[in-house]
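Chain naming here is simple, since letters A, B, ... match the order of the sequence lines and numbering starts at 1 in each. These values consider heavy atoms only, across backbone and side chains, with no hydrogens, waters or symmetry-generated copies.
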Amino acid sequence: MINKKVADVTEAMAGVKDDMTFMLGGFGLCGIPENAINHLVKLNVKGLTCISNNAGVDDFGLGLLLHKRQIKKMISSYVGENDEFERQMLSGELDVELVPQGTLVERCRAAQSGFPAFFTPAGYGTEVAEGKEVREFDGKMYVLEHAFKADFAFVKAWKGDAAGNLVFKGTARNFNPAMCGAAKITVAEVEELVPVGSLDPNQIHIPGIFVQRIFEGKDYEKRIEQRTVIKK
Amino acid sequence: MLDKIGIAKRIAQEVKDGYYVNLGIGIPTLVANYVRDDIEVEFQSENGVLGMGPFPFEGEEDADLINAGKQTITTLPGASFFDSSMSFSMIRGQHVHLTILGAMEVSEEGDIANWKIPGKMVKGMGGAMDLVASAENIIVAMMHTNKAGESKLLKKCSLPLTGVGCVKKIVTNLAVIEITPEGFKLLERAPGISVEAIKKATEGTLIIEGDIPEMIL
């Protein structure tokens with residue numbers, strides 16, 4: 001067993017510097033790497049490019065980094081659930097690249113899988129395709145999109161072991177699996193770090209080969225963005 | 001004239017037995033409430049769930065279980081979870097049979113605009129561009145006119161496009177319309193709405209053949 005376990009978030013994030021590009025898992029606030037984000041706030045690294053489906057809310061998730069103006073560029077499919085984001089975007093302080101959601105995840109997966117680029121029908125005929133190569137296959141038009149290049153991927157799983165194997169829960173899986181192994185270093189934080197051998201190999205969602213560092217996270221808030229319930 | 005629930009009820013009639021369906025945010029989400037209960041349908045949410053159920057009872061919500069609108073949900077027996085990459089394989093790979101989504105504008109050629117108003121805050125396209133570029137069957141749920149009373153069924157979209165030549169059918173508060181190579185073909189009228197009223201509210205070419213029946217809801 002190759003040991004990927006590190007003591008804590010500080011050790012897990014060694015090497016993080018200004019002007020780096022990060023991938024961060026999560027959909028809305030669901031399945032975001034809370035410990036890594038909180039530590040980035042503490043490290044106060046600046047000039048960051050963040051690849052993440054969304055950009056958090058004012059006081060949680062990536063909104064915390066935006067608030068401290070640590071982010072130079074966001075690459076996302078849907079943003080603006082927070083006022084500070086809107087302000088920085090409109091004032092030109094923040095650069096934003098909007099990418100169709102399926103293209104966003106596939107650009108991560110391409111980086112993970114060794115594909116430099118791929119053709120997708122998404123965005124053909126729209127401003128997303130401007131300046132990009134397009135090609136016809138079997139009578140339908142496709143746009144060439146490229147794999148991302150990132151320094152770190154920060155992902156969050158439900159359970160994991162020291163070998164780096166990961167298991168996700170519910171819809172908290174989302175972008176996390178495709179980001180594993182898609183950056184130079186993948187840091188996985190888990191709610192529960194279990195003994196090696198206790199996870200059923202049949203049930204592992206991401207094999208440890210895609211993860212360089214793993215640690216058990218602390219104090220998960222797991223905030224709900226839109227609590228929608230039926231009265232009993 | 002139909003309200004939002006009326007539009008959802010009419011669209012629900014388009015959902016057939018054995019369909020995997022992706023519902024957008026807004027009126028489309030309501031469609032799930034009106035699908036016949038004698039057919040089997042599974043709802044897909046792009047953030048990674050197939051077999052979505054109703055909202056949870058108070059106290060039973062789970063932060064790890066949400067839909068694409070970030071609302072807490074439940075799952076039904078037979079449901080599955082998957083990552084975003086597999087979710088869009090279902091969508092781009094045309095395994096999802098029907099996509100229902102809202103729009104700001106639709107053109108008579110089936111182009112759709114629903115993600116950006118220049119000069120206003122742009123939140124992003126989310127999964128809409130992947131959905132419209134891939135789905136075989138796209139139904140748009142929307143009001144026939146905007147708040148200023150201007151038609152949303154146009155010769156050409158004026159707003160930045162989400163996809164080209166992709167919409168098959170539109171259900172509005174006034175009518176059911178099919179997109180054909182010749183333009184918008186009027187199929188049904190909302191209860192109490194005249195063909196003339198629909199014509200007036202449609203900027204694009206409206207094709208009217210024979211008697212246009214009233215919708216049965």
Side-chain angles (χ1 to χ4, degrees), chain A residues 27-31 53-54 76-81 85-86 89-90 96 98-106 108-109 112 120-128 140-143 158 168-178 205-206 220-232, chain B residues 29 45-49 52 54-75 79 81-92 94 111-113 115-116 120-134 160-166:
Chain A
F27 185 98
L29 302 178
C30 183
N53 190 51
N54 313 93
S76 305
S77 85
Y78 194 84
V79 294
E81 294 299 334
F85 186 99
E86 185 170 348
M89 183 174 164
L90 294 175
V96 179
L98 293 169
V99 179
Q101 196 177 137
T103 301
L104 187 75
V105 69
E106 209 55 27
C108 297
R109 211 187 68 87
Q112 175 192 59
T120 175
Y124 175 75
T126 76
E127 61 184 51
V128 164
K140 187 169 171 171
M141 296 305 292
Y142 296 80
V143 184
W158 179 35
F168 301 91
K169 179 169 163 266
T171 55
R173 194 182 314 188
N174 58 62
F175 279 75
N176 287 295
H205 296 139
I206 282 290
Y220 282 104
E221 186 179 334
K222 295 174 70 166
R223 196 185 288 188
I224 293 174
E225 206 165 333
Q226 304 283 345
R227 185 179 303 272
T228 315
V229 295
I230 302 169
K231 290 231 186 271
K232 265 186 191 170
Chain B
T29 306
S45 193
E46 69 206 30
N47 59 315
V49 55
M52 231 188 324
F55 296 130
F57 285 116
E58 210 170 359
E60 290 174 13
E61 62 271 27
D62 179 354
D64 292 328
L65 186 47
I66 63 168
N67 64 16
K70 284 106 179 175
Q71 295 170 308
T72 43
I73 54 160
T74 60
T75 53
F81 296 120
F82 37 86
D83 78 299
S84 304
S85 175
M86 189 175 281
S87 178
F88 282 92
S89 295
M90 294 175 188
I91 292 165
R92 276 191 314 263
Q94 300 185 335
D111 297 349
I112 177 171
W115 76 286
K116 183 175 183 178
K120 289 204 176 164
M121 172 65 189
V122 180
K123 292 197 169 190
M125 67 293 280
M129 284 194 184
D130 307 271
L131 281 159
V132 301
S134 312
L161 296 180
T162 308
V164 292
C166 50

Let me know if [X] has heavy atoms under 4.5 Å from chain A in its side chain, its backbone, both or neither.
X: Asp111(B); value: neither
X: Thr162(B); value: backbone
X: Ala68(B); value: both
X: Phe88(B); value: side chain

Self-check item: Proximity breakdown for Asn176(A) and chain B, heavy-atom pairs closer than 4.5 Å
Solution: neither
Self-check item: Structural part of Tyr142(A) lying under 4.5 Å from a heavy atom of chain B
Solution: neither
Check [X] against [Y] and note the closest heavy-atom contact, atom names and distance.
X: Asp130(B); Y: Ala122(A); answer: OD1-CB, 3.4 Å
X: Ser134(B); Y: Lys140(A); answer: CA-NZ, 4.0 Å
X: Pro177(A); Y: Asp83(B); answer: CG-CB, 3.6 Å
X: Arg92(B); Y: Pro121(A); answer: CD-CD, 3.9 Å
X: Ser84(B); Y: Val105(A); answer: CB-CG2, 3.7 Å

Flag the one option from [options] with the top tally of heavy-atom pairs under 4.5 Å to chain A.
options: Glu60(B), Glu58(B), Glu46(B); answer: Glu58(B)
options: Ile73(B), Leu131(B), Val122(B); answer: Val122(B)
options: Ala63(B), Pro160(B), Ala113(B), Gly165(B); answer: Ala63(B)
options: Pro56(B), Gly59(B), Gly69(B), Pro54(B); answer: Pro56(B)

Exercise. Without swapping roles, check the side chain of Thr72(B) against the backbone of Thr228(A) for a donor-acceptor pair under 3.5 Å.
Key: yes
For the interface with chain B, which of [options] has the highest count of heavy-atom pairs at distances below 4.5 Å?
options: Val229(A), Leu29(A), Ile224(A), Leu104(A); value: Val229(A)
options: Gly28(A), Ser77(A), Cys30(A); value: Ser77(A)
options: Gln101(A), Glu225(A), Arg173(A), Met141(A); value: Gln101(A)
options: Lys169(A), Arg109(A), His205(A); value: Lys169(A)
options: Val96(A), Val99(A), Leu90(A); value: Val99(A)
options: Arg227(A), Glu106(A), Met89(A); value: Arg227(A)

Exercise. Decide if atom CZ of Phe57(B) counts as having more than 12 heavy atoms of other residues, nucleotides or ligands within a radius under 6.0 Å.
Key: no
Is any side-chain heavy atom of [X] closer than 4.5 Å to a side-chain heavy atom of [Y]?
X: Leu98(A); Y: Trp115(B); value: yes
X: Asp64(B); Y: Lys222(A); value: yes
X: Met125(B); Y: Val128(A); value: yes

When rounded to the nearest 0.5 angstrom, what is the spacing between [atom1] in [X] and [atom2] in [Y]?
X: Thr171(A); Y: Met52(B); atom1: OG1; atom2: CE; result: 10.0 Å
X: Phe27(A); Y: Ser45(B); atom1: CZ; atom2: OG; result: 6.5 Å
X: Asn53(A); Y: Asn47(B); atom1: CG; atom2: CG; result: 9.0 Å

Quiz prompt | Short N-O contact, Lys70(B) and Glu81(A), less than 4.0 angstrom | solution = no
